[in-house]
Amino acid sequence: MSDLRERAEALDSADELAGLRDLFVLDDTVYLDGNSLGALPRHVPARMQDVITREWGALRIRSWDESGWWTAPERIGDRIAPLVGAAAGQIVVGDSTSVNVFKAVVAASRLAAGGRDEILVDASTFPTDGYLAQSAARMTGHRIVPVAPADVPAALGPRTAVVLLNHVDYRTGRLHDLPGLTAAVRGAGALAVWDLCHSAGALPVGLDAHGVDLAVGCTYKYLNGGPGAPAYLYVAERHQAAFDSPLPGWTSHADPFGMTPGYVPAEGSVRGRVGTPDILSMLALEASLDVWEGVGVEAVRAKSLALTDFFLECVAAYVPEGRVTPVTPAAHAERGSQVSLRCVDADETEPVMRELVARGVVGDLRRPDVLRFGFTPLYVSFADAERAARILAEVLEA
Ligand SMILES: Cc1ncc(COP(=O)(O)O)c(C=O)c1O
């Protein structure tokens with residue numbers, strides 16, 4: 001056991017990203033739930049104090065212009081862009097991921113060639129994507145076809161309009177092959193829409209390099225934007241001129257203050273906007289993105305894989321044989337930034353997680369039997385990984 005503690009210490013001293021931990025508000029807890037809600041960057045409260053007292057309190061309406069509120073959705077989109085491999089001008093921030101899934105699926109089905117009436121949806125998708133795709137299909141006269149991501153190439157055909165996929169599975173932590181699946185979808189003449197909630201900020205995405213058509217993602221997980229922070233919508237530049245939003249609100253109008261009855265869409269990523277942006281949440285997100293200054297996503301990915309490898313090794317060494325089974329793939333090419341362990345006795349999953357939290361290890365669970373541990377490389381250490389596995393073993397032995 002002390003071997004692994006020594007290894008953790010050595011790994012932490014060699015870790016080039018270790019200093020970033022000081023940028024966050026952390027305590028003695030081992031926080032492994034950044035895949036649900038990222039930790040608070042230390043400087044954000046002071047920035048929000050300024051936003052509230054000066055920009056809102058003193059400047060009031062003037063801040064839409066003088067404090068850059070009006071253009072925040074595109075400006076912050078451009079800050080997120082390098083983290084997901086997108087050139088500037090293709091991402092707009094606003095609304096929830098759910099709302100952006102709806103915009104993306106409807107818009108993609110409108111972009112698809114005529115005669116294509118099927119929307120393929122990841123059969124293991126986060127539920128909201130499935131619900132919204134179903135509603136989108138009812139509105140647009142398409143048919144939903146649930147397909148496991150690995151089976152997408154075989155399911156593609158002349159009727160496929162759109163394929164909606166999750167980059168990383170929220171339950172298992174499995175990373176899907178975005179480059180290969182996008183190429184297959186586009187090769188079949190359809191459009192690929194990706195949900196990046198569990199990959200953005202944890203691993204390279206390469207939206208432009210891999211020719212993704214549209215994408216959505218949240219900012220409150222690995223991007224640490226805060227509870228309910230606004231999501232984002234990526235529309236590849238080649239689709240922007242024909243992008244026909246199902247929610248064409250006034251802030252996406254070419255001349256929003258012209259207040260004309262007829263809708264004329266703005267050019268570029270602005271077209272993905274709907275109504276008045278949620279400024280307080282949006283500016284908290286903008287401030288939180290400062291922690292990425294000088295940090296490369298490749299380095300983050302390397303640490304994420306090292307952390308999850310090490311955690312799996314500690315679990316194998318400490319946890320009594322047969323009590324948990326990893327459902328996250330061992331292969332790096334198939335692993336996101338979380339480790340999911342199936343608790344062999346499903347009835348114990350909830351008490352085990354409750355006890356872990358009581359002992360200072362915060363993960364979460366997905367019913368009936370999956371314990372999830374998210375590894376945010378910006379602030380999780382190897383010592384955290386070792387301690388979490390050790391306490392998990394103690395809980396399971398008790
Ligand atoms: C993969 C995925 N998609 C969509 C959502 C829904 O996001 P929201 O509730 O912000 O709309 C989540 C939320 O956790 C998610 O994990």
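Order of listing sets the numbers, starting from 1, for every ligand and every atom in it. Please read all numbers here as calculations on a predicted model, not as lab measurements.
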Colleague: In ligand 1, which numbered atoms sit nearer than 4.0 Å to a non-hydrogen atom of His198?
Modeller: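 Going through ligand 1 atom by atom, the ones under 4.0 Å from His198 are 1 (C), 16 (O).
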Colleague: Is Arg372 salt-bridged to Asp364, cutoff N-O under 4.0 Å?
Modeller: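 So Arg372 pairs with Asp364 through a salt bridge.
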Colleague: Is atom CG of Asp27 surrounded by more than 12 heavy atoms (other residues, nucleotides or ligands) closer than 6.0 Å?
Modeller: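 Count over threshold, so yes.
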Colleague: Of all the atoms in ligand 1, which lie at a distance below 4.0 Å from a heavy atom belonging to Tyr220?
Modeller: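 Once the distances to Tyr220 are compared, the set is 7 (O), 8 (P), 9 (O), 10 (O), 13 (C), 14 (O).
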Colleague: How does Val101 reach ligand 1, by side chain, by backbone, by both or by neither, if only non-hydrogen atoms under 4.0 Å count?
Modeller: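 Within the 4.0 Å criterion, Val101 makes no contact with ligand 1.
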Colleague: Asp129 heavy atoms, cut-off 4.0 Å: which ligand 1 atoms fall inside?
Modeller: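 Within the 4.0 Å cut-off of Asp129, ligand 1 contributes 3 (N), 4 (C).
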Colleague: Pull out every atom of ligand 1 sitting under 4.0 Å from any heavy atom of Ser96, numbered as shown with elements.
Modeller: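 Checking each atom against Ser96, I get 11 (O).
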Colleague: What protein heavy atom lies closest to atom 3 (N) of ligand 1? Include the residue and the distance to one decimal.
Modeller: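 Nearest neighbour among protein heavy atoms for atom 3 (N) of ligand 1, to 0.1 Å: Asp195 OD2, 2.7 Å.
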Colleague: Relative to ligand 1, is Cys218 under 4.0 angstrom through side chain, backbone, both or neither, heavy atoms considered?
Modeller: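 Cys218 to ligand 1: no contact under 4.0 Å from either part.
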Colleague: Is any side-chain N of the basic residue among Arg387 and Asp384 closer than 4.0 Å to the acidic one's carboxylate O?
Modeller: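 Salt bridge between Arg387 and Asp384, a charged N being under 4.0 Å from a carboxylate O: no.
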Colleague: State whether Asp213 and Arg238 are salt-bridged, where the test is any N-O pair (Lys NZ or Arg NE/NH1/NH2 against Asp/Glu carboxylate O) under 4.0 Å.
Modeller: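 A salt bridge is present here (some side-chain N lies under 4.0 Å from a carboxylate O).
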Colleague: Suppose we measure from atom 11 (O) of ligand 1 to each protein heavy atom; which comes out shortest, and what is that distance?
Modeller: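 Protein heavy atom at minimum distance: Ser98 OG, 2.6 Å.
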Colleague: Applying a 4.0 Å heavy-atom criterion (strictly less than), which segment of Thr128 is in contact with ligand 1: side chain, backbone, both, or neither?
Modeller: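 It is the side chain that touches ligand 1; the backbone stays farther off.
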Colleague: Holding to side-chain contact (heavy atoms from CB on, under 4.5 Å), I want the full list of residues that pass it with Ala202, two or more places apart in sequence or in another chain.
Modeller: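 Per chain and number, Ala202 pairs via side-chain contact (heavy atoms from CB on, under 4.5 Å) with Tyr222, Ser337.
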Colleague: Considering only heavy atoms of Asn166, which atoms of ligand 1 have at least one such atom less than 4.0 Å away?
Modeller: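 Within the 4.0 Å cut-off of Asn166, ligand 1 contributes 1 (C).
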Colleague: Indicate yes or no: does Arg367 engage Glu350 in a salt bridge with an N to O separation below 4.0 Å.
Modeller: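 Salt bridge present between Arg367 and Glu350.
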Colleague: Assess, by modelled atom type and distance only, whether the side chains of Asp369 and Thr349 contain a donor and an acceptor separated by less than 3.5 Å.
Modeller: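 Looking only at side-chain atoms, Thr349 and Asp369 do not form any donor-acceptor pair under 3.5 Å.
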Colleague: Could you point out which residue of Glu386, Glu313, Arg390, Glu394 forms a side-chain hydrogen bond (donor to acceptor under 3.5 Å, both in side chains) with Tyr318?
Modeller: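 Among Glu386, Glu313, Arg390, Glu394, the one that satisfies the side-chain hydrogen bond (donor to acceptor under 3.5 Å, both in side chains) with Tyr318 is Glu386.
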Colleague: Heavy-atom contacts with Lys221 under 4.0 Å: which atoms of ligand 1 show up? List them by number with element.
Modeller: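 Listed by number with element, the hits are 13 (C), 14 (O), 16 (O).
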